[in-house]
Amino acid sequence: TLQDLREAVRGEVLVPGDDGYDEAKRVWNGAHDDRTPALVVRCTGTADVVAALGFARSSDLTVAVRGGGHSAPGFGTSEGGLVLDLERMRAVQVDPQRRRARVQGGATWGDVNTATYPFGLAVTGGIISTTGVGGLTLGGGVGHLSRAFGLTIDNLVAATGVLADGSVVQTDSEREPDLFWAIRGGGGNFGVVTRFQYRLHPVAEIYGGPMFYDLRDARDGGIGGLCVPRDRGIRRRAQSDSARPSDSRGRACKRRGCHGAQTGGAGSVNLESTRRGLTRGASTTPVVTKLSRHPLPARGWRLPCGSRR
């Protein structure tokens with residue numbers, strides 16, 4: 001029964017009408033806020049996940065797992081199902097000697113970067129700091145460090161998860177190798193990962209920032225030749241044409257409209273050569289260039305859109 005579940009878990013169990021339910025059911029991606037789960041279980045650990053899955057089995061409920069809540073298709077919520085909210089499971093443990101990080105399933109990439117940065121270490125993670133580690137990792141994981149260190153799943157060395165039958169398993173290349181293969185890009189619905197272990201790399205600072213071009217040049221194809229020096233581990237990310245730089249020169253950019261490129265990468269990158277590489281082949285120059293050296297956590301953008309992480 002619902003009361004049995006509430007007694008079995010340490011976290012909250014919320015149903016429609018409970019204080020805090022409306023807040024608990026929200027996801028960062030506001031496009032899916034209209035869904036109404038039958039209940040939300042705010043898990044505090046693996047045992048809570050086991051109990052919640054047992055309740056879902058006995059009640060014939062579909063299960064949605066929410067970490068950061070950024071899922072574009074809305075996998076972090078459901079209509080009439082049970083939502084496993086892992087937001088309270090955000091611990092990050094760093095072993096600088098072995099260059100490993102053990103990360104709970106509800107952590108965000110902001111949590112990871114903040115924990116690894118003091119040791120001068122990092123792993124390929126999300127471009128947005130509030131993205132959950134779970135969804136990004138199990139989906140492959142592309143970020144600013146991809147060219148230097150591979151995808152996030154390339155750096156996943158082990159995981160702990162709960163299967164549909166409630167069993168807790170640890171998987172890596174030697175223990176449950178088929179499951180380890182499956183969670184690294186093999187699809188979905190293999191279980192709920194409650195802890196990830198990543199391989200870390202020496203990264204203290206990265207080089208990057210926005211470059212804004214006059215929108216008229218974009219229409220004329222003047223920046224169609226923008227390219228990135230692949231051997232430098234630099235990644236370029238297209239920005240919205242409604243970007244509004246705060247630089248004093250941005251006032252002109254704001255009046256005319258602009259197109260931007262966002263860059264980021266690791267390694268011993270010369271800023272001037274990076275600027276030249278990013279504009280190689282372009283027939284115009286940026287209105288605003290903000291390439292500079294950053295500590296890695298500073299590159300994890302925090303976007304205010306959406307109602308919840």
Side-chain angles (χ1 to χ4, degrees), residues 1-90 104-108 126 128 130-140 159-169 179 182-183 185-196 303 305-309:
T1 66
L2 184 61
Q3 184 58 36
D4 291 334
L5 176 62
R6 284 184 163 134
E7 293 174 357
V9 301
R10 296 176 60 192
E12 295 176 281
V13 178
L14 300 170
V15 299
D18 286 348
D19 290 341
Y21 170 82
D22 288 340
E23 176 64 25
K25 79 180 184 70
R26 291 176 181 170
V27 291
W28 185 94
N29 190 335
H32 305 291
D33 265 358
D34 58 341
R35 298 185 186 180
T36 306
L39 69 161
V40 178
V41 182
R42 306 185 105 169
C43 302
T44 62
T46 299
D48 284 1
V49 175
V50 172
L53 286 178
F55 180 84
R57 286 197 310 275
S58 63
S59 304
D60 196 25
L61 292 172
T62 58
V63 176
V65 184
R66 182 167 70 222
H70 281 231
S71 174
F75 293 151
T77 186
S78 70
E79 181 62 39
L82 183 151
V83 172
L84 289 173
D85 183 359
L86 307 184
E87 185 184 17
R88 298 185 179 183
M89 299 171 57
R90 298 175 64 168
Q104 283 190 302
T108 65
I128 308 301
T130 53
T131 301
V133 299
L136 191 93
T137 300
L138 300 178
T160 300
V162 184
L163 303 185
D165 63 1
S167 59
V168 180
V169 297
L179 179 61
I183 65 173
N189 297 323
F190 296 108
V192 181
V193 180
T194 57
R195 189 179 298 273
F196 299 88
L303 297 187
C305 50
S307 59
R308 189 178 183 276
R309 271 194 302 271

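Values below: all heavy atoms of this structure, side chains included; hydrogens, waters and symmetry mates excluded.
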Salt bridge (charged side-chain N to carboxylate O under 4.0 Å, His left out) filter on R88, not counting sequence neighbours, yields E12
Hits for side chain to side chain contact (heavy atoms under 4.5 Å, CB included) against D165, two or more places apart or cross-chain, chain-then-number order -> L163, S167
Residues passing the salt bridge (charged side-chain N to carboxylate O under 4.0 Å, His left out) test with R195, sequence neighbours excluded, are none
Side chain to side chain contact (heavy atoms under 4.5 Å, CB included) filter on A56, not counting sequence neighbours, yields L61, V63, L82
Residues passing the side-chain hydrogen bond (donor to acceptor under 3.5 Å, both in side chains) test with T46, sequence neighbours excluded, are T194
* Is atom CZ of R10 surrounded by more than 12 heavy atoms (other residues, nucleotides or ligands) closer than 6.0 Å? -> no
By side chain to side chain contact (heavy atoms under 4.5 Å, CB included), V193 pairs with (sequence neighbours left out) L138, A159, F196
Of all heavy-atom pairs linking Y21 and P37, the shortest is OH-O, 2.6 Å
Residues at least two apart in sequence or cross-chain that pass side-chain hydrogen bond (donor to acceptor under 3.5 Å, both in side chains) with T44, listed by chain then number, are D48
Hits for salt bridge (charged side-chain N to carboxylate O under 4.0 Å, His left out) against D4, two or more places apart or cross-chain, chain-then-number order -> none
Applying side chain to side chain contact (heavy atoms under 4.5 Å, CB included) to V15 and not counting sequence neighbours gives L2, R6, D18, L39
Taking the side chain as everything from C-beta on, heavy atoms only, tell me whether V83 gets closer than 4.5 Å to V65. no
| said: Side chains of V13 and R42, heavy atoms from C-beta outward: is any pair under 4.5 Å? | reply: no
